[in-house]
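Please read the structure below before turning to the comments.
Chain letters run A, B, ... following the sequence lines, proteins first and then strands; every chain starts at 1. Worth knowing before you read on, the calculation uses all heavy atoms, side chains too, and leaves out hydrogens, waters and symmetry mates.
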There are 2 protein chains.
Amino acid sequence: MARREDRQADDPKQGELAEGEKVPAWRQRAVAKSLNAARSRAEKRIQGLLDAAFALIDERGTTEFTIQEVVDRSKQSLRGFYQYFDSKDELLFALLEESIREAVEDLAAAVEAESKPLDRLRAFTIRLHEWCESLGTQRVRGSHNRVPISEFSMQLAIKDPERLAAVIAPLSRMLIELLKAAVADGALQVDEPGRAALLIQQTAMYGWLMNRFVQNPASRITAEDTWEFCLRGLGR
Amino acid sequence: MARREDRQADDPKQGELAEGEKVPAWRQRAVAKSLNAARSRAEKRIQGLLDAAFALIDERGTTEFTIQEVVDRSKQSLRGFYQYFDSKDELLFALLEESIREAVEDLAAAVEAESKPLDRLRAFTIRLHEWCESLGTQRVRGSHNRVPISEFSMQLAIKDPERLAAVIAPLSRMLIELLKAAVADGALQVDEPGRAALLIQQTAMYGWLMNRFVQNPASRITAEDTWEFCLRGLGR
DNA sequence: CTCAAAACGAGAATATAATTGCCAACACTT
DNA sequence: AAGTGTTGGCAATTATATTCTCGTTTTGAG
């Protein structure tokens, strides 16, 4: 069982990543003094575990692998695994963080391609929908199969909403900024950007779940549908 | 593990319930000949199991009870439990069906209270949102805590979407009818009622999940927000 | 270069639940 | 009242996650 309290305390990496690439140089140097080598070694092993897990997820299309399989594939040991991760869920959580990071980059790129605030918001929404939707079918580039990860995030939404909120925060922030910009531009009128952002997120991110229910492809919700629905829904 | 193929074959009750209360009288009589007593006995036990499970869910606020606890509470045996349910998931599925049945009745009542097509649609949407939202907090009447059940349905959406779609079907059908009526009335214009229904369902049913993410109550999505968002979103 | 401490690998040991198997006692039908 | 199917009690099995033990190896200080 992973205790919530342990988390930030004993894992510097987590904090560092959550804040972005920038780590105060002084701290870096200080810690580096005796930990540099040890850390890079540990980092390599952790990466090995993550890669193995991603590989298993990719080929199986599910998160139902065993820890044993992960350590076998990465040529490590159970002992070692539990040295780095408190539990299997912590591993999945790490994979989720990685995926979100990728998503944010991707979304940022899509947004930068546009200049008008409303177009930027539109680009974000559509890309977000596609990102979640990209059902294992036509996986993009070298990126990983995100469906099992999305499913895990779903379970996390149920079991530990605060934590999920924390990982998707960067994404939510980006969305809120885009909204505010669109409002400032006069292209949109919303009173509570926070609430509007929730509605957009919900519509774009959970559409894929609903789409699973329908047999008739004509009734599926496309990224375009999503955007139009949101745009009109937010009121002119 | 519950095989999908087993389902309809060996469980007459399931089929009967899925079709509604009406069972051809002749068949009833024919089967009754030798099964009546046995069935009512079995039904009593099954009900006992369901009640025990509901009770456990109500007091714990989660579906994380063990089968052992269910049988202890209903004064039955593991052996007996597995005579009626192929697995724990089958039990949860039964509870979900019960809840949906309740929901449909409730929604139907709310809808009947209105006469204008658009008002009926509105009543449905808002009631649906409230039904899902009614987070364990202020549980309605004698009804059960639906949050853990909603969570289970979520997992089902991931693991077995067709099956979830099947239980929700009555609800979806009702919504589509209301939509068509509103369109016929000229109060609304949508090309694909199926898709529109999906969007409404999604917005109303998953809002509660999103609301869990937000700390600031002012940003929470209310039933009213949901309705307005949907109404405008569907265009006009 | 050498040693104590820390990290590691292999694999056994635990723990928790779900699911089954087994057998004697019971209940209801005929 | 015998026969057949149902039950209770409970041990056995299975599947995994998680922890523990014990030698081995690696690392970093001196």
Problem set entry | Pairing of B:R163 and B:E90 as salt bridge, 4.0 angstrom limit | yes
Exercise. Thinking salt bridges, do A:R127 and A:E105 make one under a 4.0 Å N-O criterion?
Worked result: no
Atom [atom1] of [X] and atom [atom2] of [N]: how far apart are they, to the nearest Å?
X	N	atom1	atom2	value
A:Y84	D:dT19	OH	P	17 Å
A:F81	D:dT16	CZ	P	15 Å
A:Q83	D:dT19	CD	C1'	13 Å
A:E90	D:dT18	CD	C1'	14 Å
A:K44	C:dA7	NZ	P	18 Å
A:L92	D:dT18	CG	P	10 Å

Each nucleotide N or O in nucleotides 22-27 of chain C that has a protein N or O under 3.5 Å away: list the pair and distance.
| residue | atom | partner | partner atom | Å |
| --- | --- | --- | --- | --- |
| C:dC22 | N4 | B:R79 | NE | 3.0 |

Problem set entry | Interatomic spacing from CD1 in B:I149 to CD1 in B:I57 - rounded to 0.5 Å |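 Output value for this atom pair is 4.0 Å.
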For this session: State the OG1-CD distance between B:T125 and B:Q201, to the nearest 0.5 angstrom.
Result: 10.5 Å
For this session: Output the single nucleotide from C:dT19, C:dC8, D:dA17 whose closest atom is nearest the side chain of A:R45.
Result: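 The answer is C:dC8, which lies nearest to the side chain.
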Is there a donor-acceptor contact under 3.5 Å from the side chain of [X] to the main chain of [Y]?
X	Y	answer
B:N211	B:R220	no
A:E69	A:L56	no
B:D225	B:T222	yes

Problem set entry | Residues forming a side-chain contact (heavy atoms from CB on, under 4.5 Å) with A:F213, sequence neighbours excluded |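 Residues passing side-chain contact (heavy atoms from CB on, under 4.5 Å) with A:F213: A:M210, B:A157, B:P161, B:L164, B:A165, B:Y206.
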For this session: Please work out which residues in residues 64-74 of chain A have a non-hydrogen atom less than 4.0 Å from an atom of DNA chain C and list them by number.
Result: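 None, since no heavy atom is under 4.0 Å.
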For this session: Mind listing the closest non-hydrogen atom pair of A:E97 and A:V167 along with its distance?
Result: CG-CG1, 3.2 Å
Problem set entry | DNA chain D: 5'-proximal contact among A:L78 and B:Q76 (nearest heavy atom) |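 So the residue in question is B:Q76.
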Problem set entry | A:Y82 side-chain N/O to D:dT18 phosphate OP1/OP2 under 4.0 Å | yes
